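See below for the structure under consideration.
The chains referred to below are lettered A, B, ... by the order of the sequence lines, with proteins before strands, and numbering in each begins at 1. Bear in mind the structure is a predicted one, so any value in this text is a computation, not a measurement.
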There are 2 protein chains.
Amino acid sequence: MIKGIRELAKHLDLSISTVSKALNGRFDINAETRARVLKAAADLGYVANQSGRALRDGATHTVGFMITQGLAINGDSFFLEVFEGVQQVLRQHRLDLVVLPCSSDEPEAEYLARIVTRGMVDAMILSGLKPRDSRIAHLQTAGIPFVTLGQSGLEHASVEFDFESVANTSVHHLARAGHRRIAVSLPADNLNLGRLFLAGYERGLTEAGLSIDPDLVMRTPPTVEGGSGLCGHLLSLPDRPTAVILSNEMSALGLYPALRAQGLEPGKDLAIIGFRDSAATRHLRPSLTCFSTSLTDVGRELARIILAQTGHLEDEAQELCRLWPMTMLRGESG
Amino acid sequence: MIKGIRELAKHLDLSISTVSKALNGRFDINAETRARVLKAAADLGYVANQSGRALRDGATHTVGFMITQGLAINGDSFFLEVFEGVQQVLRQHRLDLVVLPCSSDEPEAEYLARIVTRGMVDAMILSGLKPRDSRIAHLQTAGIPFVTLGQSGLEHASVEFDFESVANTSVHHLARAGHRRIAVSLPADNLNLGRLFLAGYERGLTEAGLSIDPDLVMRTPPTVEGGSGLCGHLLSLPDRPTAVILSNEMSALGLYPALRAQGLEPGKDLAIIGFRDSAATRHLRPSLTCFSTSLTDVGRELARIILAQTGHLEDEAQELCRLWPMTMLRGESG
DNA sequence: CTAGGTTTCGAAAACGTTTTCGAAAATCGC
DNA sequence: GCGATTTTCGAAAACGTTTTCGAAACCTAG
């Protein structure tokens, strides 16, 4: 194993600059010498030192993906699948992905500032944003290219699931099946998810010629317990709804057993449309009608947006907020 | 915002070296000037550039945690909890954690070699190891400190769940409840998990005065479908077992409904002990008797082992393989 | 054979940091 | 007040890489 380009050059009896240019594909190098250099580098296992490279040309060739402990949504691999896609695309452009986990005992903004000002990454992917997240302003003033996964805004690039269409499609699907009283479960906070979901829900009702009843819009924590609680809430309504649309992947896991405890059968006595297809919901019986998408593709899109901002991708002018479509998986629950 | 230590020095009308020493706590700096430098650095948001630092003193002050998409037997929440603990401890020593996801279209060894020879990290944490994983030899010859999560061997540092005790405790628990025919479900491959689990199982049987019946040792893929298949296998046995011990967290999710489809009730017609407590298994009814541990603590231990190897932690001589204990959560299933 | 053009390579600077070592300033003993 | 000692600071080198620019060597045409 060889230490630096200096040793490699000495070993080849060439100058440092010649070796560097051969490795980086510059055009003022004889094809024969280039081949000789490449072979030697491969044989001796030489790879350019990252710090030296970064220092020289001011770019780390590295994209950061910040995650926080709080948002471990459930037991399945949401992020792992996204990482896969990001890394796949970045690698084609000789960039690398580093995931940066912020521990819960450090403020997110402080952590991000440290990472960015230390110059550890050229660009950032953010997830788990809070309503008015200070991290966005920080990256903007620092001039670091970035994209967010979810919580889109007009002022920065983002990828967000198309909750509006999901809710809208759900309503139409249920209305076609004859349902007139369709409830919806939303998170209590004012995240984009809730706003978009509600908009699609109401548009669907209007388009289907159904009336909008505020009593049918429930605020539920996005947990299994939230799903259990939802059951009581639904059954207590005067004119009991015959269908419910869920906006998170955990609710169904609580709703199913809670219904059965009341002697009701999911999908039969209450139609259910869930969100999102995952390892946890996939084995519910009767199978859950829900929405699905390739998270690896989402990761690929995130990477492409970053590449477009850093100039690695010359083509298409990206729209700022990428609404990500999801497809409905018809199950037995509604 | 300020660019480099050069600007900061000029702004303070001090030399570069004085500023550097003040920031790094060297002892040949006047307390007053140090305070002045620290204040200015904080005010102007200066943080030492990572590449320059790494280049100068040959250390990146960064620990890598390699994960692979392929064998996603553990999901987001598993890793996120481990990351939390690692980052907590590393941060106290002014180190940082970077998670390095290897995409499925690149050989793991090649990816690791690239990361390491590029000098992106000072040490590595490895997970998801295969039986004779070439990554270990590579790190050893490269002289990079590392620790593995699982798949312990005598030749390198590792943290591994104490599967032997888990299986042993399970057998004793079931034997005490009167069970004589206790089955066990193991993965098909020859990972440590299977070896250790089987050893603990057989030791438990012997200690409880029960005979060892090879028919009761089943090889099942560690998936929900594996759990479903296990049901048929169990029921087809001539002298049907009254209890089963599972060695992965997904099996129970398949076994429960499969049993019910046969008209049998989990925990009543078949005692079940699961491994491991997780968000997915936590809402099974009747509740699953299973084993649990703090994954954040596991992360902390991993970090400590790394710190001991890199000399950041002067104290205790670590044993090579840290067997990690788990505690049994008594549920209604057995 | 020579002038001009093309191809191929090397010397040197720069990126930002830390540390060694020496110099200057301050303090002390007498 | 002066030499000796301690305290405080600055100049410069080094880490490994890439790129600019100039020099050398080669080739072509006349």
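End-to-end axis angle of the helix from C:dC1-D:dG30 to C:dC30-D:dG1, using five pairs per end and rounding to 10°, comes to 40°.
If you measure from atom CG of A:Asn30 to atom C1' of C:dT6, you get 13 Å, rounded to the nearest angstrom. Rounded to whole Å, atom C1' of C:dT20 lies 18 Å from atom CZ of B:Phe27. Separating the CZ atom of A:Arg26 from the C1' atom of D:dT20 is a distance of 11 Å, rounded to the nearest angstrom. Taking atom NZ on B:Lys10 and atom C1' on D:dG10, their separation rounds to 15 Å, with Å as the unit. Rounded to an integer number of Å, the gap from CD of A:Glu32 to P of D:dC26 is 14 Å. Following rounding to the nearest Å, B:Asp13 (CG) and D:dC9 (P) show an atom-to-atom distance of 12 Å.
Here the side chain of A:Ser15 is nearest to one of C:dA11, D:dT8, D:dA11, namely C:dA11.
The shortest heavy-atom contact between B:Thr148 and B:Leu302 is O-CD2, 4.3 Å. The heavy-atom pair separating A:Arg34 from A:Gly25 by the smallest distance is NH2-C, 3.8 Å. Across A:Thr33 and A:Ile29, no two heavy atoms sit closer than the pair OG1-CG2, 3.8 Å. The nearest pair of heavy atoms linking A:Ser103 to B:Arg91 is OG-NE, 4.1 Å.
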List the steps and the verdict of side chain to side chain donor-acceptor pair (under 3.5 Å) for A:Ser77 and B:Asp76. CA-CA 5 Å; A:Ser77 50; B:Asp76 278 355; 5.4 Å; no
Set out, in order, the CA-CA distance, both residues' side-chain angles and the distance that settles side chain to side chain donor-acceptor pair (under 3.5 Å) for A:Gln88 and A:Glu84, then state yes or no. CA-CA 6 Å; A:Gln88 275 181 12; A:Glu84 165 79 15; 2.5 Å; yes
Would you please test B:Ser15 and B:Thr18 for side chain to side chain donor-acceptor pair (under 3.5 Å) and show each step? CA-CA 5 Å; B:Ser15 83; B:Thr18 304; 2.9 Å; yes
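Among the heavy atoms of the strands lying under 4.0 Å from B:Asp28 is at least one base atom, whether or not backbone atoms are also near.
Looking at B:Arg26 and B:Asp28, no side-chain N of the basic residue comes within less than 4.0 Å of a carboxylate O on the acidic one, giving no salt bridge.
Under the 3.5 Å distance criterion, the side-chain polar atoms of A:Ser20 are left unmatched by any main-chain donor or acceptor of A:Ile16.
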Polar atom pairs (N or O), protein with nucleotides 12-17 of chain C, under 3.5 Å:
unit_1, atom_1, unit_2, atom_2, d
C:dC15, O2, A:Leu55, O, 3.4
C:dC15, O2, A:Arg56, N, 3.1
C:dG16, N2, B:Gly52, O, 3.2
C:dT17, OP1, B:Tyr46, OH, 2.4
C:dT17, OP1, B:Asn49, N, 3.1
C:dT17, OP2, B:Ile5, N, 2.4
C:dT17, O5', B:Tyr46, OH, 3.4

